[in-house]
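Here is the structure we will look at.
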Amino acid sequence: MLSALTPNQQQDFVVRWRQPHRQYRPIGHLHAVLDALNMRASHGCEFDSETVILAAWFHDAIYDIQALDNQERSAALAASTLGLGPLADEVVRLVLLTKLRE
């Protein structure tokens with residue numbers, strides 16, 4: 001999947017996205033986001049694919065239907081998982097931007 005994540009971290013994300021309470025944000029939502037990114041890339045849209053794809057995986061990694069801070073908690077997970085540096089900073093920024101879309 002992504003070189004920034006270990007195999008165990010990648011598996012953790014698949015488990016998170018398949019949690020049974022995710023009726024509004026199931027793994028199908030993630031696949032739709034990734035498909036949209038692939039389509040844009042194939043039509044010439046240029047972006048840092050690793051950063052944007054990581055942000056897609058992290059954007060609802062923490063999802064509690066009752067909570068209002070899913071993006072903030074998902075961004076914090078990105079920061080703690082990816083460590084310090086420009087990649088983590090940009091992923092966190094992009095994850096937090098998804099709050100504006102709801």
Side-chain angles (χ1 to χ4, degrees):
M1 178 177 66
L2 296 165
S3 62
L5 301 176
T6 68
N8 286 342
Q9 290 169 325
Q10 293 175 31
Q11 182 59 35
D12 177 60
F13 277 95
V14 171
V15 169
R16 285 177 183 276
W17 278 94
R18 288 187 173 151
Q19 293 169 322
H21 70 276
R22 291 175 169 268
Q23 296 172 4
Y24 179 63
R25 289 285 196 248
I27 198 161
H29 169 73
L30 174 62
H31 288 297
V33 170
L34 295 172
D35 288 346
L37 291 172
N38 285 332
M39 182 184 69
R40 283 169 175 75
S42 71
H43 285 93
C45 181
E46 294 183 21
F47 53 88
D48 180 337
S49 62
E50 181 174 22
T51 302
V52 174
I53 291 170
L54 274 169
W57 276 91
F58 274 103
H59 88 277
D60 271 329
I62 296 178
Y63 185 72
D64 176 352
I65 198 162
Q66 303 294 328
L68 299 175
D69 65 346
N70 289 316
Q71 287 87 356
E72 290 85 353
R73 292 170 53 207
S74 294
L77 177 64
S80 67
T81 301
L82 299 173
L84 299 174
L87 174 67
D89 292 346
E90 183 63 1
V91 170
V92 166
R93 186 185 75 81
L94 293 173
V95 169
L96 291 174
L97 283 174
T98 66
K99 186 167 186 134
L100 301 174
R101 302 292 301 165
E102 296 191 359

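Keep in mind the model is a prediction, meaning the values are calculated, not measured.
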- Message: For Arg93, is there an ion pair with Asp89 - N to carboxylate O distance below 4.0 angstrom?
- Response: no
Gap between atom [atom2] of [Y] and atom [atom1] of [X] - 0.5 Å precision:
X	Y	atom1	atom2	value
Leu30	Phe13	CG	CZ	10.0 Å
Asn70	Leu77	CG	CG	12.0 Å
Asn38	His43	CG	NE2	11.5 Å
Gln19	Asp60	CD	CG	11.0 Å
Ile27	Leu34	CD1	CG	9.0 Å

- Item | All pairs passing salt bridge (charged side-chain N to carboxylate O under 4.0 Å, His left out) where residues 65-88 contributes a residue, at least two apart | Asp69-Arg73, Glu72-Lys99
- Task: Report yes if some heavy atom in the side chain of Leu94 is under 4.5 Å from a heavy atom in the side chain of Thr98; otherwise report no.
- Result: no
- Just say parallel, tilted or perpendicular for the rings of Trp17 and His59, cut-offs at 30° and 60°.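 If you compare the ring of Trp17 with that of His59, the planes turn out tilted.
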- Donor-acceptor under 3.5 Å (Ser74 side chain, Ile62 main chain): yes
- Output yes when a side-chain donor or acceptor of Arg22 lies under 3.5 Å from a complementary backbone atom of Arg16, and no otherwise. yes
Atom of [X], atom of [Y] and distance for their closest heavy-atom approach:
X	Y	answer
Ala88	Leu82	CB-CB, 3.7 Å
Ala61	Trp57	CB-O, 3.9 Å
Leu54	Ala4	CD1-CB, 3.8 Å
Leu37	Phe47	O-CZ, 3.6 Å
Leu5	Gln10	O-NE2, 3.0 Å

- Task: Using the side-chain contact (heavy atoms from CB on, under 4.5 Å) rule, take Leu96 and Val92 through it: C-alpha gap first, then chi angles, then the decisive distance, then the call.
- Result: CA-CA 6 Å; Leu96 291 174; Val92 166; 4.0 Å; yes
